[in-house]
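All heavy atoms count here, side chains included; hydrogens, waters and symmetry mates do not. Just so it is clear: chains get the letters A, B, ... in the order the sequence lines come, proteins before strands, and each one is counted from 1.
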Amino acid sequence: ELKVEQNPLFLSMQEGKNYTIYCNYSTTSDRLYWYRQDPGKSLESLFVLLSNGAVKQEGRLMASLDTKARLSTLHITAAVHDLSATYFCAVANNQAGTALIFGKGTTLSVSS
Amino acid sequence: GAVVSQHPSWVICKSGTSVKIECRSLDFQATTMFWYRQFPKQSLMLMATSNEGSKATYEQGVEKDKFLINHASLTLSTLTVTSAHPEDSSFYICSAVDFRGGAETQYFGPGTRLLVL
């Protein structure tokens, strides 16, 4: 059974500082996703990581994937208030068309 | 880009009534759609896989007779919560899988918030 663990679950950040969220998963997968969710809203896709060593960056967020370690990280550079939200990683089984298994989410709060 | 819609976006109903939620893929055909449920401050939990032209596959612990899923066309899946009770109040999110271009991309709908009184 595929399990996905995120940590930390809560992160209180100071503006301007850097932080990292970790996502571990239990079995081999060829697809890992990062999503953002604002309160009361659905999911906003941030990154799709498809191969070992994949790195993607968008603005202050950078995601990477190590399939050997079954680990993905979401790195936040110089946090700003707009980044306050809940971030989920999700992993797909190595089978086309299967659902995603989500981590518990990391709630980020940025304060000045 | 691909869009998935849900209707209604929110619904309030009395205990014991049934509620139907629609999930549509607007510019692609989706043979597979998924239904998730999210309780406040929790993650998304997969409820069932909806397959066009065949019976849905339910996750362990999800009552198939209570959560009826119909995937009648390549662009529409419906979830009916039958005899709803307050504990069914939740945020229901669907997703649709787009296989075009040889890649598999999953798009999420905007969600339906259900409140059962």
Using 0.5 Å steps for rounding, measure from the [atom1] atom of [X] to the [atom2] atom of [Y].
X	Y	atom1	atom2	value
L44(B)	Y35(A)	CG	OH	9.5 Å
F91(B)	Q37(A)	CZ	CD	6.5 Å
Y33(A)	Q106(B)	OH	CD	6.5 Å

Only heavy atoms, only distances under 4.5 angstrom. Which residues in [range] are near chain B?
range	result
residues 103-112 of chain A	G103(A), K104(A)
residues 40-60 of chain A	G40(A), K41(A), S42(A), L43(A)
residues 4-17 of chain A	none

Q: Can you check whether anything in residues 53-63 of chain B gets within less than 4.5 Å of chain A, heavy-atom wise, and list it by number?
A: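 Those residues of residues 53-63 of chain B which would need a heavy atom under 4.5 Å from chain A do not exist here.
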For the hydrophobic clusters of this structure (ILVMFWY residues joined by side-chain heavy atoms under 4.5 Å, transitively), does one cluster hold both [X] and [Y]?
X	Y	value
V11(B)	I21(B)	yes
V80(A)	I21(A)	yes
L74(A)	Y25(A)	yes
I69(B)	V19(B)	yes
L46(B)	L32(A)	no

Q | Nearest heavy atoms of Y36(B) and A99(A), plus distance in Å | A |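 Between these two residues, the closest heavy atoms are OH-CB, 3.6 Å.
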Q) What closest approach, in Å, do Q38(B) and F88(A) show between heavy atoms, and which atom pair accounts for it? A)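 The answer is NE2-CZ, 3.6 Å.
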Q. Would the number of heavy atoms belonging to other residues, nucleotides or ligands and lying under 6.0 Å from NE2 of H85(B) be above 12?
A.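 Buried by this count: over 12 neighbours within 6.0 Å.
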(Q) Using heavy-atom distances under 4.5 Å, tell me whether L100(A) contacts chain B through its side chain, its backbone, both, or neither. (A)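 Both backbone and side chain.
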